[in-house]
Amino acid sequence: MNKEFHFSEVEGRLYAEWERSGGFAEAVDFEKKSYAILMPPPNVTGVLHMGHLLNNTLQDILIRRAWQEGKNVLWQPGTDHAGISMQVRVEKELVGKGVDPKALSREEFLVHAERWRDTHGNIIFHQLRNLGICCDFGKKVHTLDGDYSRTVLHGFVELFRRGYIRRGRRMVNWCPVSQTALSDEEVLVRECPGKLYRLRYEILEEPGTHIEICTTRPETIGGDVAVAVHPEDERHRHFIGKHCWRPFCREPIPIIADGAVDKNFGAGALKITPAHAAVDFEIGQRHGLPFREVIGPDGILNGLAGETLGGLDRATARERAVKLLRVLGNFVAEEDHVSAVGISERSGEPIEPRLSEQWFLRYPGVDLAKRAVAEGWIRFFPRRWEKTYLRWLENIRDWCISRQLRWGHRIPVWYRKGEDREDPRHWHVSVDGPSDPEHWERDGDVLDTWFSSAFWPLGTLGWPDEESMGRRHFAAFFPTSAMVTGPDIIFFWVARMVFMALEFIPGKDGKDDDLSGRVPFRSVYFTGIVRDERGRKMSKSLGNSPEPLDLIARYGADGVRFGLVTCAPQGLDILFAEGRLEQGRNFCTKLWNVCRFRLLQGDVGAKKSSVGAILLRVDPKNLDAIDRCILENLVAVGEEIERAMGNYEFQGTLLRMDRFFRDDYCDWYVETCKVRWGKDLRRQATLLAVQDLILRRLLQLLSPFVPFVTQELWRQLGFGDGKEILHRVPMESAEWLRAALEAADLLASGGELASVGELRQVLPALRALGAGDGLYHGGTPGECQRLEPFRELLPAMSGHGELKKLQQLEGMTAAVTSWGTFAVASGGDGGRDSKRRELEIVRGHIATNRKKLEDRSFLERAPAAIVDGARNLLAENLEREKKLLRLLSE
RNA sequence: GGGCGGCUAGCUCAGCCGGUUAGAGCAUCCGGUUUACAUCCGGCAGGUCGCAGGUUCGAAUCCUGUGCCGCCCACCA
């Protein structure tokens, strides 16, 4: 066996083998419980980043544990066609090649896009393989696949039929760069420093008199159709019903009263531009105002904006407008003002509120979606995200689902040629289209990508086609078990999947109140966002993200996985620290070496190394307290891990295993084995069997976290038949193990646990004594008797050779312990200072506890156990003080 | 404007359904190692638990207020 774990050699070999020999293959047995995770489908344009690394590591851990628990397992991979970002990407590519994308027909463009997708689209999965994830990529689904598209279109048609989808002319968020509508969720609101302009419009009926208004967007003045004031605003009351002059495209416009105006903001009067502001639009509707559009879909102002503003972009037009207003005498003042500006998530450009004809979805089953989470049918980890989810549902608004793009699912609506498009009587809505297509024209828009993603749990499991649902085991895997994703897509995706599932999956036996079978997943684990050491979100544009594949090459997949998990606390963002990965790599090396050491002591022997087979090699008569304690620990760790994993405490679980492995097993148990090895062959065999029991279980427990090194060691140690795939080997539950070890009488009693625990605590004190010619011990007869079984062990473990009787303290450095006084010969008064420090601490404890015990209310009100604890501590420390004083006075 | 989260050792974080002396890893420093592992082992030092009140015999932990930092939501132009 090599001295080091050469991960680069092992990882490639094992991964290929897992794939080849069915390590990821589905094996559905309806007698068993099922476990399913839908991998959040990465964008086809995406490349691997740190977030994917973390996210997929966590899913892989859950999936491998599910295999170990003997469940039916589905980890569904897939990719998302990523509407806008993909289209932008392809357009850029085309422009680079000298092709004008706009000159291409829809079909020509799609050919290019599909070609791009098919060459670049699966890169991320190839990259993910390096992480070792046990996902069957053969099951991959792409949102534009034929089957999946049918799911999406069917969903649309059904929602339309049920009255949730409507076509309408409404204000939408318009991205002038992509020239498409966006949903509210795709708009980022950013605080932008700008100016608030105070302007005056002259009153038609009272020449020379003005009304003052405030605006941040003077370039839209051409679109003003009114000025509104609050109906109860004394300052402006007398203007209501009169008119004022619009400065650009000079025309009189009415002054109206509307409650939506805030009296306390600015001048208390608001110019109304229904075509370019949502609030203004509503006010316009209420008052039957006309509609003047002055900005085109491309963000360029038109002739109605004012004679010299036409043809300018919004920013330039604003500057020009201000200059004009000064010249015209309408300008009063300007002040700095921070306003909330909607920014397109994709293009980064300001959104233009714009009236347009779009398809809207009124969310179905809002109350059900609330109940699903509020009543715990779906559980969120960490829980606090429930509030975010619920609050969003409280203020939910219709979702604009149509996009003026080419890349995506084309809306399955046809309009009869030559008829009024706005008249539903001339619409055809179906998945397959009309039977006489020559008389119809299909809607040119596509659906929001997130609309198609909302059907992911349904579509990937074959819905709505019964044959397909059977083939994909819908019955076994729906509802899926866990969803692992980022809180940033809680609205975009998580909530919408909930809506769709609840809408389309009926309750069992018509019992719709029981949501258990209707939710898309039973729990959602929200990961944190991976940030760099300075707390900035890792991103390519900032250049602060390490190359994931590079990290894997340097630390090994296991090292990276270990590192990521240990620096990812539940519910908090992750401050990425590369040092963690190094610790991960070191962990693997240590695991490797302790197994190597095991092999150096002798063969594992029986090749069939089930727990039962190993137990046969353990003779309870040859076990001492130390052996029983480590076995007890082994069981307890398993129990803690099961609890922790049930709560998705990945970090806690791994750190707990790490602690058991290093502190309990390597540094304590293995070291004591060396000392206790002896000459008795049966005793030796038992010690090895105990090691095997521990290593076997440890490898299994660790396998989901560090799959490669554990798999390789499983073979090297000779567990299994040499071909076994570790994560497919069933793992005994902690409960089973406890029962088995208890039945074989291998677990420590409470007394043994306490005794060994103290033994371990004494060691550091002995080591701190420094070097001498041996270890001297003195104590009460009771103390000496307790030490007896460990006479060999203590001095050896502390590096002091043999144990001698302590005769006198002069010239010695001593440690007072619960096992008596230990000392080594020392030159001078070495150790005196540390004794003094110890005395200080001891006296501190004495004072604290004495004070407590003198406090009557403490004695009266504190529970008896606490009071007793304080008494014991006081007594103990008084005793230690006495000994220390004796030592110091020698 | 509303909401959520964080603030504990130089750094990253545990602890937070109140209870013995507030922990771990990393970094620093000191020491160890012929016999699995220097990708190792041990130890020293380092914290008035953001701040201020309150409840309590007892508060890092519960309550109130407050300060920074971050995130999310929101039609005051």
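Each chain gets a letter, A, B and so on, in the order the sequences are listed, and its residues count up from 1. The structure displayed is predicted, hence computed values, not measured ones.
Taking every side-chain heavy atom of Phe858(A) into account, G19(B) is the closest of C72(B), A77(B), G19(B). Closest approach to the Leu600(A) side chain among A36(B), C4(B), U39(B) is made by A36(B) (side chain taken as heavy atoms from C-beta onward). Out of A77(B), A74(B), C40(B), the shortest distance to the side chain of Arg397(A) is found at A74(B). With C37(B), U21(B), C73(B) as the candidates, the nucleotide lying closest to the side chain of Asn849(A) is U21(B).
Under the Watson-Crick and G-U wobble criteria, each requiring two contacts below 3.5 Å, nucleotide C26(B) is paired to G10(B). Checking A59(B) for Watson-Crick or G-U wobble geometry (two distances, each under 3.5 Å) identifies no partner in any strand. Under the Watson-Crick or G-U wobble criterion, with both distances below 3.5 Å, C40(B) is paired with G32(B). The base-pairing partner of G70(B), taking Watson-Crick or G-U wobble contacts with both distances under 3.5 Å, is C4(B). Pairing partner, U64(B): A52(B), with both Watson-Crick or wobble hydrogen-bond distances short of 3.5 Å. G18(B) is unpaired under the criterion used here, namely a Watson-Crick or G-U wobble arrangement in which both key atom distances are under 3.5 Å.
Distance check on atom C1': G5(B) versus U21(B) gives 32 Å, rounded to whole Å. For the P atom pair drawn from U66(B) and G3(B), the interatomic distance equals 11 Å after rounding to whole Å. Between U61(B) and C69(B), the two C1' atoms lie 22 Å apart (nearest whole Å). G19(B) and G58(B) have their C1' atoms separated by 7 Å, with the value rounded to a whole Å. C30(B) and C68(B): their P atoms are spaced 42 Å apart (whole Å). Distance noted for atom P between A22(B) and A45(B): 14 Å (whole Å). Spacing of C1' atoms, U56(B) relative to C62(B), comes out at 10 Å, to the nearest Å. Annotation: U55(B) and C4(B) have their P atoms spaced 26 Å apart (nearest Å).
Applying the side chain to side chain contact (heavy atoms under 4.5 Å, CB included) test to Val189(A) and every residue at least two apart in sequence or in another chain returns Ala340(A). Residues passing the side chain to side chain contact (heavy atoms under 4.5 Å, CB included) test with Glu282(A) are Arg286(A), sequence neighbours excluded.
A salt bridge is defined here as a Lys NZ or Arg NE, NH1 or NH2 lying under 4.0 Å from an Asp or Glu carboxylate O, and Glu649(A) with Arg643(A) fails to meet this definition. A salt bridge links Arg314(A) with Glu352(A): the distance from a Lys NZ or Arg NE/NH1/NH2 to an Asp or Glu carboxylate oxygen falls below 4.0 Å. A salt bridge between Asp855(A) and Lys852(A) is absent, with no side-chain N of the basic residue lying under 4.0 Å from a carboxylate O of the acidic one. Under a 4.0 Å N-O distance rule, the pair Arg659(A)/Glu640(A) does not qualify as a salt bridge.
Aromatic ring centres of Phe708(A) and Phe7(A): separated by at least 6.0 Å.
A donor-acceptor contact under 3.5 Å is formed by the side chain of Glu671(A) with the base of A36(B).
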Polar atom pairs (N or O), protein with nucleotides 25-27 of chain B, under 3.5 Å:
residue: G25(B); atom: O2'; partner: Gln583(A); partner atom: OE1; Å: 2.9
residue: G25(B); atom: O2'; partner: Gln583(A); partner atom: NE2; Å: 3.1

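Nucleic acid contact class of Thr848(A) (heavy atoms, under 4.0 Å, all strands): sugar-phosphate only.
Residue Lys674(A) places its NZ atom among more than 12 non-hydrogen atoms of other residues, nucleotides or ligands, all under 6.0 Å distant.
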